[in-house]
There are 2 protein chains.
Amino acid sequence: MATLTAKGAATRARIIEGASATIRELGVTATTLDDIRERTRTSKSQLFHYFPGGRDELLLAVARFEAARVLTDQQPHLGALTDWDAWSAWRDAVVERYRRQGTRCPLHTLTSQLGGTSPGAQAVVTELLRHWQAEIATGVRHLRDTGRISPGLDPDTVAAALLAGIQGGVHIQMATGSTAHLEAALDTALAHLRASAPDLARDTARSGALAARDG
Amino acid sequence: MATLTAKGAATRARIIEGASATIRELGVTATTLDDIRERTRTSKSQLFHYFPGGRDELLLAVARFEAARVLTDQQPHLGALTDWDAWSAWRDAVVERYRRQGTRCPLHTLTSQLGGTSPGAQAVVTELLRHWQAEIATGVRHLRDTGRISPGLDPDTVAAALLAGIQGGVHIQMATGSTAHLEAALDTALAHLRASAPDLARDTARSGALAARDG
DNA sequence: TCAGGAATGGACTTGCCAGTCCATTTTTTC
DNA sequence: GAAAAAATGGACTGGCAAGTCCATTCCTGA
């Protein structure tokens with residue numbers, strides 16, 4: 001793969017997207033290169049031309065593709081967690097995103113297969129988590145700096161806990177099909193933040209810290 | 001498998017345990033029946049004798065085995081979440097359990113492979129989660145009924161959020177190798193509970209003289 | 001002790017699927 | 001417009017791993 005013409009790049013992208021869709025339908029283990037070949041209208045040689053490392057390299061590319069999508073699907077909310085309304089909108093966007101995705105999380109299964117095997121896949125996930133958590137932490141820090149939450153809360157710890165709740169909520173959704181846990185995790189975390197508000201700020205937010213849900 | 005002699009039952013159990021151990025080392029996808037056969041000193045025919053449904057049936061049995069272990073590993077703490085000390089001990093036990101397990105969670109990978117495929121595996125996980133959450137909720141309810149936390153908190157929601165945090169923390173550990181997120185999730189959830197305590201109970205808890213309250 | 005069922009051994013079949021290879025077509029470049 | 005490079009087609013291989021089958025040994029109960 002010395003150089004890549006426009007046509008070549010398009011084919012490569014088509015393969016990744018098609019593989020991603022196929023994996024969503026069949027799961028990683030059940031997806032064969034022939035399935036991908038058929039859906040993307042490519043030949044075996046093309047698959048290996050664009051991904052000389054074979055199946056693993058393709059899967060890694062798909063993981064990268066999916067990881068990017070996870071973050072963009074949360075925009076513009078994730079990048080602007082300024083006031084409570086923004087947090088609420090983000091919360092809804094996250095729930096909606098995963099509800100729409102259904103009971104298959106390509107990235108989860110993808111990394112559970114590649115995770116231990118290749119350090120590359122591990123890096124993709126680690127980087128995604130790091131970025132995601134950093135964005136959340138920035139939002140929390142903003143809440144703190146504007147006096148909306150207790151100054152005693154550590155933004156990074158809160159963000160880590162929130163991210164864990166989201167991950168677990170999604171994971172449970174994969175097994176049960178319900179987003180109840182994801183919602184509980186998000187709502188409880190937000191309630192925690194709201195309840196920590198200094199009296200003045202809480203009065204301003206006024207809508208009931210315990211009720212948590214959209215006041 | 002009309003009847004099962006003592007010897008047969010022992011062999012069956014040996015296969016499940018050996019398969020479980022092998023999967024922990026190699027991961028689900030990389031584990032072949034021959035690997036299991038070799039480790040458990042059995043023959044191909046034995047594998048299919050005790051698990052006529054083949055690989056999938058064996059994997060399901062392993063999932064059941066692992067699911068049971070998840071809960072027993074948390075005992076006796078999980079069954080007696082009465083006061084803050086008990087909660088703290090449980091928290092430590094959970095962290096320790098997963099730290100010891102390392103970056104391979106057999107159940108996670110097991111179900112991510114069987115999850116979508118077989119309804120049986122899904123049932124195993126769902127039941128595990130249900131049971132786990134119920135135990136946590138019982139503990140939360142006890143805290144509430146003894147006035148240690150705000151009566152406004154819904155035990156089931158809190159338990160769901162906490163369980164999601166644990167699951168996510170473990171999941172992140174699989175990718176990063178660190179239990180930081182798991183600990184953040186647990187600690188944040190417990191901090192939330194403690195912070196919700198009515199003033200009297202919080203003061204009492206701080207001093208450790210719990211017996212005196214509510215006379 | 002012997003008969004029938006359970007347990008075991010292990011060779012063999014079968015099918016799939018990743019990866020290879022070379023021929024052919026298309027595009028780029030000078 | 002011709003050579004070089006890139007893209008494509010698709011048959012073929014090789015190996016692996018699940019599952020089958022039958023022969024043999026072991027156990028149990030009457």
Side-chain angles (χ1 to χ4, degrees), chain A residues 1-20 22-23 25-63 109-110 113-114 116-118 120-121, chain B residues 1-23 25-63 109-110 113-114 117-118 120-121:
Chain A
M1 190 170 36
T3 60
L4 211 59
T5 67
K7 190 181 180 187
T11 301
R12 198 187 126 98
R14 197 171 81 243
I15 291 172
I16 292 175
E17 282 168 40
S20 162
T22 307
I23 287 169
E25 284 173 21
L26 307 178
V28 186
T29 45
T31 298
T32 71
L33 293 186
D34 274 334
D35 293 329
I36 296 170
R37 202 184 45 66
E38 188 176 349
R39 172 187 281 258
T40 59
R41 297 242 200 270
T42 50
S43 65
K44 211 65 172 293
S45 70
Q46 280 171 292
L47 257 40
F48 283 86
H49 181 188
Y50 293 109
F51 305 95
R55 183 187 158 89
D56 280 359
E57 187 179 339
L58 172 54
L59 255 39
L60 185 57
V62 172
T109 50
L110 218 40
Q113 170 159 3
L114 287 179
T117 318
S118 86
Chain B
M1 190 171 33
T3 60
L4 211 61
T5 68
K7 191 181 180 189
T11 301
R12 199 187 125 98
R14 195 171 83 245
I15 292 172
I16 293 176
E17 282 168 42
S20 163
T22 307
I23 288 169
E25 283 173 22
L26 307 177
V28 186
T29 45
T31 298
T32 71
L33 292 185
D34 274 334
D35 293 330
I36 297 170
R37 202 183 47 65
E38 188 176 348
R39 173 188 282 258
T40 59
R41 297 243 199 269
T42 50
S43 66
K44 213 63 172 295
S45 70
Q46 279 170 291
L47 257 40
F48 283 85
H49 179 88
Y50 294 109
F51 305 95
R55 184 188 157 89
D56 280 358
E57 187 179 339
L58 171 55
L59 254 39
L60 185 57
V62 173
T109 50
L110 218 41
Q113 170 158 3
L114 288 179
T117 318
S118 87

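Numbers restart at 1 for each chain; the letters A, B, ... are given by sequence-line order, proteins then strands.
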Just jot down the salt bridge (Lys or Arg N to Asp or Glu O under 4.0 Å) partners of [X], sequence neighbours excluded, or say none.
| X | answer |
| --- | --- |
| Asp34(B) | Arg37(B) |
| Glu25(A) | Arg39(A) |
| Arg55(B) | none |

For Leu47(A) and Leu33(A), the nearest pair of non-hydrogen atoms, with its separation, is CD2-O, 3.6 Å
On a heavy-atom basis, the closest approach of Leu60(A) and Gly120(A) is CD1-C, 3.7 Å
Any chance you could measure Leu59(A), atom CG, to Leu110(A), atom CG, to the nearest 0.5 Å? 5.0 Å
Arg55(B) CZ to dT20(D) P: how many Å, rounded? 15 Å
Looking at [N], I'd like to know if its phosphate oxygens (OP1 or OP2) sit under 4.0 Å from a side-chain N or O belonging to [X].
| X | N | value |
| --- | --- | --- |
| Tyr50(A) | dA6(D) | no |
| Thr3(A) | dA6(D) | yes |
| Gln46(A) | dA7(D) | no |

Heavy atoms from C-beta onward define the side chain here; which of dG19(D), dA18(C), dG9(C) lies closest to that of Phe48(B)? dG19(D)
Consider the side chain of Leu33(A), meaning its heavy atoms from C-beta on, and name the nucleotide among dT8(D), dA18(C), dA7(C) that approaches it most closely. dA18(C)
Contact list for DNA chain D against residues 36-45 of chain A - heavy-atom distance below 4.0 Å: Ser43(A), Lys44(A), Ser45(A)
Contacts of Thr29(A) meeting side-chain hydrogen bond (donor to acceptor under 3.5 Å, both in side chains) (sequence neighbours excluded), chain-then-number -> none
Dump every N/O contact between nucleotides 23-30 of chain C and the protein below 3.5 Å, one line per pair.
none

